[in-house]
Visitor: 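Can you read through this structure? Questions will come right after.
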Amino acid sequence: MKKILVAGGMGYIGSHTAVELVSAGYEPIIVDNLSNSSESMLEPLEKLCGMRPKFYKADIRDRAAMDKVFAENEIDAVIHFAGLKAVAESVSMPIEYYENNINGTLVLCEAMRAAGCKKLVFSSSATVYGPTNEPPYTEDMPTSATNPYGWTKVMIEHILEDICTADPEWKVLSLRYFNPIGAHESGLIGEEPNGIPNNLFPYIARVASGKFDHLKVTGNDYPTPDGTGVRDYIHVVDLATGHIAALKRLDEQNGYDAINLGTGKGSSVFDVLHAFEKACGRELPYKIYPRRPGDLAFSFANVDKAKRLLGWTAKYDMDRMCADGWRYIEHVSK
Ligand code: NAD
Ligand code: WQD
């Protein structure tokens, strides 16, 4: 059974990917410093995986700890989710974001190289398309960012491409996630943001659970069908299965590549709100607020490359994303 190191695997996307890895016949080895997750994730993971994944509480910036992981496990490939990801926070804490995300990636790659493991799937983001490209975004478009978090993704993609150029033994895929939402259908795992959620979906979920009394719709004057922002929301389990397809692709490809993981469809804030109302069975109050600085009207993927190279397309629709997301909220609030 091939062992896959899942850096940041106790987090939202990593935990869902760990479940899909097991069902695809891989053994996940999780490394996570628990800076944005909890060791209690191991309980539901054990239930969903049918085995308790091996877990190292460690920071990918700790070279000695990472060397120990590689010494104790014959790692076939690495999936690298480990990073800080809050856009607004990155603006106020640029040093922490560059240090954690970029230095963390460099130390991880050093440990991989020392262990002779040169296959990597990296969590990139649609944010690398910046404000100048026109959606649907294609992978050949120039990348840029408007905040430190986005720049860490742009820079890490360049770093990984340069590593592959210097040493053709490396095989790296940067997966550019659009807007992952929802939860595993069991309701056992989902998104648990610390504090007040910055993102739309977890915020709506907590309006539905009564934690917040209304949704703040940030802008209804965009040049979009209903005036609110349009995004490419993708079920987190679809995203997870995209990583399984990416691992298989790594064995066929040489060098570096980047692939969008999205649905190719756009949904507005009101589309999501109304779908969530259907899932939770009640009307959800909202108020209109000013636009968030830097927000785009539209962001959605061209998904042809993922279909061509990964043989992968997203399966689940907005109703399923909301039904699964609501089931998780109901489960955790029991
Ligand atoms: P998350 O915060 O739930 O998971 C990230 C995990 O990495 C956490 O468990 C955290 O404890 C861990 N971590 C962070 N820094 C670490 C370090 N130095 N050493 C070890 N562990 C560390 O986030 P997520 O939503 O699962 O996102 C996973 C990845 O996908 C991130 O790199 C993020 O930038 C990227 N991404 C997320 C989204 C999204 O909307 N959620 C969209 C695009 C890209
Ligand atoms: C979606 C839409 C808001 C909250 C972010 C990061 C990106 C990536 C995914 C990491 C927008 C509107 C939001 C709210 C609202 N993360 N909204 N009320 O901004 O597309 O992407 O998450 O890589 O880097 O930028 O997602 O969910 O924050 O916003 O009306 O309380 O919902 O204006 O139109 P976004 P989001």
Side-chain angles (χ1 to χ4, degrees), residues 6-17 30-39 41 56-62 65-66 79-88 90 96-97 99-101 103-105 107-108 122-129 145-147 149-150 152-153 156 174-181 190-194 196-204 206-207 212 214-220 222 224 227-234 236 239-240 243 261-262 266-273 286-300:
V6 186
M10 299 288 262
Y12 173 46
I13 303 172
S15 55
H16 285 83
T17 303
I30 296 175
V31 169
D32 201 305
N33 68 359
L34 302 180
S35 58
N36 195 36
S37 53
S38 153
E39 194 158 352
M41 172 63 78
Y56 291 80
K57 185 182 180 218
D59 195 305
I60 60 169
R61 293 169 291 180
D62 180 344
M66 295 312 295
I79 306 180
H80 175 20
F81 296 104
L84 301 176
K85 62 157 183 175
V87 169
S90 79
E96 288 74 11
Y97 269 69
E99 199 282 325
N100 189 75
N101 293 3
N103 183 38
T105 301
V107 175
L108 175 62
F122 170 61
S123 299
S124 191
S125 165
T127 206
V128 303
Y129 288 110
T146 56
N147 56 73
Y149 164 73
T152 70
K153 295 300 184 184
I156 293 170
S174 286
L175 299 180
R176 293 172 178 171
Y177 310 160
F178 279 71
N179 291 60
I181 63 172
E191 188 174 13
E192 268 310 332
N194 289 337
I196 298 175
N198 297 305
N199 296 136
L200 176 69
F201 192 85
Y203 200 101
I204 290 178
R206 281 153 186 82
V207 171
F212 303 124
H214 67 277
L215 170 67
K216 298 176 181 170
V217 175
T218 47
N220 70 337
Y222 286 102
T224 62
T228 66
V230 172
R231 297 292 183 272
D232 186 334
Y233 297 97
I234 177 170
V236 65
L239 200 65
H243 287 72
L261 290 190
S267 300
S268 76
V269 172
F270 286 134
D271 291 334
V272 181
L273 186 65
Y286 67 89
K287 288 179 185 165
I288 303 297
Y289 284 70
R291 295 181 180 189
R292 288 188 313 193
D295 260 8
L296 303 172
F298 289 95
S299 167
F300 57 96

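Ligands are counted one by one from 1 in listed order, and the atoms in each one are counted from 1 as well. Index from 1, following the sequence. When reading the values below, keep in mind they use all heavy atoms of this one structure, side chains included, and skip hydrogens, waters and symmetry mates.
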Visitor: Could you check whether atom OH of Tyr286 has more than 12 heavy atoms from other residues, nucleotides or ligands sitting under 6.0 Å from it?
Guide: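 Open.
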
Visitor: Kindly say whether Ala86 contributes a backbone atom to a donor-acceptor pair with the side chain of Tyr97 at under 3.5 angstrom?
Guide: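 Yes.
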
Visitor: Nearest protein heavy-atom contact for atom 34 (O) of ligand 2: which residue, which atom, what distance?
Guide: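 For this ligand atom, the closest protein heavy atom is Gly229 CA, 3.4 Å.
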
Visitor: Indicate, as side chain, backbone, both or neither, the part of Thr127 found under 4.0 angstrom from ligand 2 when only non-hydrogen atoms are considered.
Guide: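 For Thr127, only side-chain atoms sit under 4.0 Å from ligand 2.
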
Visitor: When rounded to the nearest 0.5 angstrom, what distance separates CG in Leu108 from CD1 in Ile60?
Guide: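 Reported to 0.5 Å precision, the distance equals 5.5 Å.
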
Visitor: N/O to N/O below 3.5 Å, does that happen between Val269 and ligand 2?
Guide: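 No - when backbone and side-chain N and O of Val269 are compared with those of ligand 2, no distance drops under 3.5 Å.
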
Visitor: At under 4.0 Å between heavy atoms, which part of Thr218 makes contact with ligand 2: side chain, backbone, both or neither?
Guide: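 Both parts.
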
Visitor: Mind checking whether Tyr149 has a heavy atom under 4.0 Å from ligand 2?
Guide: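 The answer is yes, since Tyr149 has a heavy atom less than 4.0 Å from ligand 2.
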
Visitor: With heavy-atom distances below 4.0 Å as the criterion, list the atoms of ligand 2 near Lys216.
Guide: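 By the 4.0 Å cutoff, the relevant atoms are 14 (C), 15 (C), 18 (N), 30 (O), 31 (O).
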
Visitor: Keeping Asn199 on the side-chain end and Pro202 on the backbone end, is there a donor-acceptor pair under 3.5 Å?
Guide: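 It does not hold such a pair.
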
Visitor: With side-chain contact (heavy atoms from CB on, under 4.5 Å) as the test, pick out the partner of Tyr222 among Asp295, Val269, Val230.
Guide: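 With Tyr222 as partner, Asp295, Val269, Val230 yield a single side-chain contact (heavy atoms from CB on, under 4.5 Å), made by Asp295.
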
Visitor: Have a look at ligand 2 and work out which part of Asn198, if any, has a heavy atom under 4.0 Å from it: side chain, backbone, both or neither.
Guide: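 Backbone only.
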
Visitor: Atom CG in Leu239, atom CG in Leu175: separation rounded to 0.5 Å?
Guide: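 Spacing of CG (Leu239) from CG (Leu175) equals 7.5 Å.
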
Visitor: Within the 4.0 Å heavy-atom shell around Val217, which atoms of ligand 2 are there?
Guide: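 What qualifies from ligand 2 is 30 (O).
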
Visitor: Got a donor-acceptor contact below 3.5 angstrom from the Asp32 side chain to the Met10 backbone?
Guide: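 Side chain of Asp32 to backbone of Met10, a donor-acceptor pair under 3.5 Å: yes, one is there.
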
Visitor: List every atom of ligand 2 that sits less than 4.0 Å from any heavy atom of Val87, numbering the atoms from 1 in the order shown and giving each element.
Guide: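 The list of qualifying atoms is 6 (C), 24 (O), 25 (O).
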
Visitor: Any idea which of Leu84, Leu296, Asn199 brings a heavy atom closest to atom 5 (C) of ligand 2?
Guide: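 Shortest heavy-atom distance from atom 5 (C) of ligand 2: Asn199.
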
Visitor: Could you walk me through whether Asn33 and Arg61 pass the side-chain contact (heavy atoms from CB on, under 4.5 Å) test, one step at a time?
Guide: CA-CA 10 Å; Asn33 68 359; Arg61 293 169 291 180; 4.2 Å; yes

Visitor: Can Tyr233 be said to touch ligand 2, with heavy atoms closer than 4.0 Å?
Guide: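 Per 4.0 Å heavy-atom rule, Tyr233 contacts ligand 2.
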
Visitor: Does the Lys153 side chain pair with the main chain of Ser123, one donor and one acceptor, at a distance under 3.5 Å?
Guide: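 Flag set: sc Lys153 to bb Ser123 pair under 3.5 Å.
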
Visitor: Are Asn103 and Glu99 linked by a side-chain donor-acceptor pair shorter than 3.5 Å?
Guide: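 Indeed, the side chains of Asn103 and Glu99 share at least one donor-acceptor pair under 3.5 Å.
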
Visitor: Using side-chain heavy atoms (C-beta onward) and a distance below 4.5 Å, is Lys85 in contact with Asn198?
Guide: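 A side-chain contact under 4.5 Å is absent here.
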
Visitor: Please report which non-hydrogen protein atom sits nearest to atom 29 (O) of ligand 2, along with the residue it belongs to and the distance in Å to one decimal place.
Guide: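 Ranking protein heavy atoms by distance from atom 29 (O) of ligand 2, first comes Arg292 NH2, 3.2 Å.
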
Visitor: Just to be sure I read this right, does ligand 2 sit under 4.0 Å from the backbone of Arg291, its side chain, both, or neither, counting only heavy atoms?
Guide: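 The answer is neither.
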
Visitor: With respect to atom 32 (O) of ligand 2, which of Ile181, Leu200, Asn147, Val128 exhibits the smallest heavy-atom separation?
Guide: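 When every heavy atom of Ile181, Leu200, Asn147, Val128 is considered, Leu200 comes closest to atom 32 (O) of ligand 2.
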
Visitor: Considering only heavy atoms, does Asp295 approach ligand 2 within less than 4.0 Å through its side chain, its backbone, both, or neither?
Guide: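 Looking at Asp295 and ligand 2, just side chain atoms fall under 4.0 Å.
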
Visitor: Around atom 35 (P) of ligand 2, find the nearest protein heavy atom and jot down its residue, atom name and distance.
Guide: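 Result for atom 35 (P) of ligand 2: Asn179 ND2, 3.6 Å.
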
Visitor: What do we get for Tyr177 next to ligand 2 when only non-hydrogen atoms under 4.0 Å count, side chain, backbone, both or neither?
Guide: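 The answer is neither; Tyr177 stays 4.0 Å or more away.
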
Visitor: Applying side chain to side chain donor-acceptor pair (under 3.5 Å), can you list everything that pairs with His243, at least two apart in sequence or on another chain?
Guide: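 Partners of His243 by the side chain to side chain donor-acceptor pair (under 3.5 Å) criterion, ordered by chain and then number, come out as Tyr177.
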
Visitor: To the closest 0.5 Å, what do you measure between CD1 (Ile156) and OG (Ser174)?
Guide: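 Output value for this atom pair is 9.0 Å.
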
Visitor: Name the residues with a heavy atom less than 4.0 Å from ligand 1?
Guide: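 Its neighbours under 4.0 Å (heavy atoms only) are Gly8, Met10, Gly11, Tyr12, Ile13, Asp32, Asn33, Leu34, Ser35, Asn36, Ser37, Ala58, Asp59, Ile60, Arg61, Phe81, Ala82, Gly83, Lys85, Asn100, Ser123, Ser124, Ser125, Tyr149, Lys153, Tyr177, Phe178, Pro180, given by chain and number.
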
Visitor: What protein heavy atom sits nearest atom 20 (O) of ligand 2, and how far off is it?
Guide: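 Scanning the protein heavy atoms, the shortest distance from atom 20 (O) of ligand 2 goes to Arg231 NE, 2.6 Å.
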
Visitor: Which label fits Tyr289 and His214: parallel for a plane angle under 30°, tilted from 30 to 60°, or perpendicular past 60°?
Guide: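 Parallel: the ring planes of Tyr289 and His214 meet at under 30°.
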
Visitor: So if I count the atoms of ligand 2 from 1 in the order they appear, which ones are less than 4.0 Å from some heavy atom of Ser125?
Guide: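 The atoms of ligand 2 under 4.0 Å from a heavy atom of Ser125 are 23 (O), 24 (O).
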
Visitor: Using side-chain heavy atoms (C-beta onward) and a distance below 4.5 Å, is Leu273 in contact with Ile204?
Guide: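 Result yes, sub-4.5 Å side-chain heavy-atom pair found.
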
